[in-house]
Number of protein chains: 2
Amino acid sequence: MSRSVSIVIDNVFYTLQSAPVSYSRVTIHDVAARAGVSVSTVSKVLNDRYGVATSTVDRVRAVIAELGYESSLVARSLRNHRTNVIGVLVWDIEPYSAELLKGAARAIKGTGYELVVYAAGGKGAERMGWEHRYLSRLSGTLIDGAVMVTPTVDTAPFSTPVVAVDPHTGSEVPTVDSDNFRGAQLAVEHLLGLGHRRIGLLRRPPRDLESGPQREEGYRSALQAAGITPDPDLVRAGGYDDSASEDAARQLLTLPDRPTAIFAANDVSAITTIDVAMALGLRVPGDLSVIGFDNVPESAMTEPGLTTIEQPLQLMGQRAIEMLVELLAGRDLPQTHVRLPTRLVVRGSCAAPPAEPRRVAVEHSAAR
Amino acid sequence: MSRSVSIVIDNVFYTLQSAPVSYSRVTIHDVAARAGVSVSTVSKVLNDRYGVATSTVDRVRAVIAELGYESSLVARSLRNHRTNVIGVLVWDIEPYSAELLKGAARAIKGTGYELVVYAAGGKGAERMGWEHRYLSRLSGTLIDGAVMVTPTVDTAPFSTPVVAVDPHTGSEVPTVDSDNFRGAQLAVEHLLGLGHRRIGLLRRPPRDLESGPQREEGYRSALQAAGITPDPDLVRAGGYDDSASEDAARQLLTLPDRPTAIFAANDVSAITTIDVAMALGLRVPGDLSVIGFDNVPESAMTEPGLTTIEQPLQLMGQRAIEMLVELLAGRDLPQTHVRLPTRLVVRGSCAAPPAEPRRVAVEHSAAR
DNA sequence: GTGAAAGCGCTAACAA
DNA sequence: TTGTTAGCGCTTTCAC
């Protein structure tokens with residue numbers, strides 16, 4: 001053990017402590033030696049195999065308890081190729097993936113599986129191919145199956161069952177995503193219903209997730225259904241960093257015939273749009289209505305009044321686990337591509353368009 | 001590969017697919033055989049060891065790429081006792097732990113470690129001792145160190161460095177928690193400042209986390225500092241299920257000389273308190289002020305107007321990782337018990353006490 | 001009923 | 001420069 005001394009200053013505990021003494025792991029050998037039996041006998045006891053005398057079982061059990069022995073998950077999974085562990089692979093734990101994880105954790109209960117989340121956590125540069133690398137390194141050993149929360153799911157087949165959440169197009173693996181197309185439609189329909197006719201789209205960066213084009217399609221489809229020809233000038237691409245979205249929003253809003261509403265295919269860019277609008281002297285929703293596609297439930301906290309299209313992230317995580325468990329049980333999935341509904345949540349950022357859309361002063365648009 | 005057929009009905013993709021063909025794992029043996037070298041040579045190439053001819057290195061590398069080989073984390077960690085993986089052990093992934101995880105994921109970046117989260121996910125019954133069991137099964141292999149997000153941290157020493165978040169009292173291991181005492185003080189001081197004199201405490205169930213008593217102490221301390229003797233009648237214990245908190249809140253509010261403000265040592269019970277108050281015909285904050293101790297950032301969404309004491313959960317997760325990394329580097333911690341500040345976030349649920357506290361009708365109190 | 005031996009995929013001595 | 005060998009902690013034949 002280690003000894004320590006603590007003092008408290010200003011409500012902060014300061015404790016000085018000697019380095020903790022290291023105790024090495026108790027292995028099956030230790031148990032065998034102490035019980036006076038062979039390793040294989042201990043193994044049999046551990047796994048409830050037949051052919052061990054009751055008295056021996058008792059003795060071994062006693063020693064196991066005495067030593068506090070627990071078998072090594074690693075050694076065991078190297079031998080057996082079953083681990084009863086499901087892995088969820090995420091690039092990072094941020095609000096989006098955290099939400100999925102909550103659902104996954106809920107779904108795993110009672111399945112007999114345990115949940116392990118792997119977060120890559122490296123720099124952006126190493127990102128390429130990490131999902132494949134991780135899956136390779138873990139599958140066959142350590143995890144029985146995986147849920148991949150990652151854009152690029154390698155189509156290369158694995159021995160391990162895999163379910164992908166919100167991946168790129170065309171992946172061969174079973175998939176869970178949300179209805180981006182319908183979500184975008186809902187957003188635009190809502191704006192149309194309020195009387196808007198010039199509706200801008202702040203879309204995602206090119207070559208992004210599959211959901212990007214889907215949202216754009218929904219936007220176009222809703223406009224066309226209302227007899228409006230989409231104006232290419234009203235569609236701009238945002239980016240992953242704030243400044244790209246900011247530029248795009250500014251371009252839209254300083255157009256001579258600017259949109260009276262903007263649908264941002266991403267919650268962060270929706271918030272950016274509101275900021276830009278305010279900086280340009282426009283009021284939301286008086287002069288401009290904004291709807292964001294929600295990736296992050298907390299965005300409603302950041303911008304309490306933002307009307308959003310919400311994805312059922314927890315449910316997506318839950319369904320992914322359920323599907324994987326089916327797969328692991330050797331059953332066929334009734335549907336390999338599950339698409340969950342999105343819904344419109346109306347908050348304060350939308351209103352009818354102004355009778356006479358106020359133009360933004362040119363000075364403003366140049367300023368920055 | 002597998003062949004599949006998809007149809008779309010009502011925006012849901014239904015895909016029927018034959019069972020995927022299984023491919024077995026590529027091992028170091030496969031690589032060695034294909035490259036015409038021994039396994040150990042491949043291992044040397046993998047680990048950039050000296051003493052391999054450049055031509056051989058190239059050939060092996062080519063085969064590795066060709067076969068898409070990745071070394072098994074499990075086999076490797078059984079051999080080496082270093083894995084460069086930090087484990088975070090949580091009982092479940094819910095809003096509280098998810099928040100900690102976000103901070104942990106942020107902190108791990110750039111440390112060279114990878115993050116693995118283990119969620120126990122079993123039934124409540126198996127809960128006893130799971131932290132010890134998991135740690136046993138993982139330490140020495142698979143993870144180099146662990147952050148335990150769990151009430152009962154076994155004081156039994158492990159070979160593996162461990163940092164505990166918000167544990168029971170008296171744990172020997174390094175610890176991160178938040179300043180529950182000061183937080184409770186802040187809450188009560190705020191209520192006193194508004195003019196309240198009869199302030200109830202809805203405290204945690206007995207034998208709960210260490211933070212329970214700490215919050216109760218803060219409550220008493222703030223009252224006493226204001227010259228008020230804590231009235232034992234104004235202190236009731238909630239429970240983990242809603243109904244226990246509901247009963248406690250009802251008892252407090254139907255007291256002949258009921259409190260004009262309640263400090264709930266937990267966010268869920270604060271929301272319950274507001275519900276009960278409203279059911280009893282009391283308005284918040286007109287007739288009753290409520291402050292909750294926040295475990296879950298989202299509670300502000302559920303009850304947007306709730307004044308809370310907030311814990312820096314993400315920061316706690318971050319600090320825990322930082323401490324663990326220090327420990328793993330073999331350095332001593334400047335402080336083994338880190339206590340992070342809590343802060344008061346004022347929202348609409350508090351106001352000055354009514355001049356004449358309205359009594360709750362007895363019929364009401366009996367009803368249920 | 002029990003234990004010796006082989007091997008899961010890998011690394012690190014040591015020989016060749 | 002390369003391959004052989006032993007062994008990480010465990011399970012599983014298969015003799016005894």
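All chains are named by letter (A, B, ...) in the order of the sequence lines, taking the proteins before the strands, and each is independently numbered beginning at 1.
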Rounded to the nearest Å, what distance is computed from the CG atom of residue B:Asn47 to the P atom of nucleotide C:dC10? 11 Å
Side chain of A:Asn47, backbone of A:Lys44: donor and acceptor closer than 3.5 Å? no
Salt bridge (Lys or Arg N to Asp or Glu O under 4.0 Å) between A:Arg61 and A:Asp48: does it pass, once the steps are laid out? CA-CA 11 Å; A:Arg61 287 247 166 83; A:Asp48 293 319; 3.2 Å; yes
In whole Å, I'd like the distance from the CD1 atom of B:Ile28 to the C1' atom of C:dT11. 8 Å
Angle of first-five versus last-five pair axes in the helix from C:dG1-D:dC16 to C:dA16-D:dT1, to 10 degrees: 50°
Students should find this one: the first and last nucleotides of DNA chain D, 5' to 3', lying under 4.0 Å from a heavy atom of chain A. What are they? D:dG9 to D:dT12
Test item: A:Ser97 side-chain N/O and A:Asp92 main-chain N/O as donor-acceptor pair under 3.5 Å: yes
Can B:Tyr134 and A:Glu70 be counted as having a side-chain donor-acceptor contact under 3.5 angstrom? no
Would you kindly give the CG-to-P distance between A:Asp58 and C:dG1, to the nearest whole Å? 13 Å
Classify the nucleic acid contact of B:Ser43 as base, sugar-phosphate or nothing, counting any heavy atom under 4.0 Å across all strands shown. base
Check this for me: does the side-chain of B:Arg79 come within 3.5 Å of the base of C:dG9 through a donor and an acceptor? no
Heavy atoms of other groups near A:Arg106 CZ, more than 12 under 6.0 Å: yes
Taking everything shown except A:Arg59 itself, do over 12 heavy atoms lie less than 6.0 Å from its CZ? yes
Does a donor on one side chain and an acceptor on the other come within less than 3.5 Å for A:Ser43 and A:Ser40? no
N/O donor-acceptor pair, side chain A:Ser40 with base C:dA5, under 3.5 angstrom: no
Reckon B:Arg49 has a side-chain N or O less than 4.0 Å from the OP1 or OP2 of C:dA12? yes
More 5' along DNA chain D: B:His81 or B:Thr54, using each one's nearest nucleotide? B:Thr54
Between A:Val163 and A:Met148, is a side-chain contact (heavy atoms from CB on, under 4.5 Å) present by the stated rule, with each step listed? CA-CA 6 Å; A:Val163 173; A:Met148 315 277 293; over 6 Å; no
For the pair A:Thr336 (side chain) and A:Pro174 (backbone), establish whether a donor and an acceptor sit closer than 3.5 Å, ignoring hydrogens and angles. no
If every non-hydrogen atom of B:Arg76 is compared with every non-hydrogen atom of B:Ser71, which pair is closest and at what distance? NH2-OG, 3.1 Å
What is the distance, to the nearest angstrom, from the NZ atom on A:Lys44 to the P atom on C:dG1? 11 Å
In residues 69-78 of chain A, which residues come under 4.0 Å of DNA chain C by heavy atom? A:Leu78
Within the structure, does a side-chain N or O atom of B:Asn80 lie under 4.0 Å from either OP1 or OP2 of C:dT11? no
Keeping A:Ser77 on the side-chain end and A:Leu73 on the backbone end, is there a donor-acceptor pair under 3.5 Å? yes
Rounding to an integer number of Å, can you tell me how far A:Arg59 CZ sits from C:dT2 C1'? 11 Å
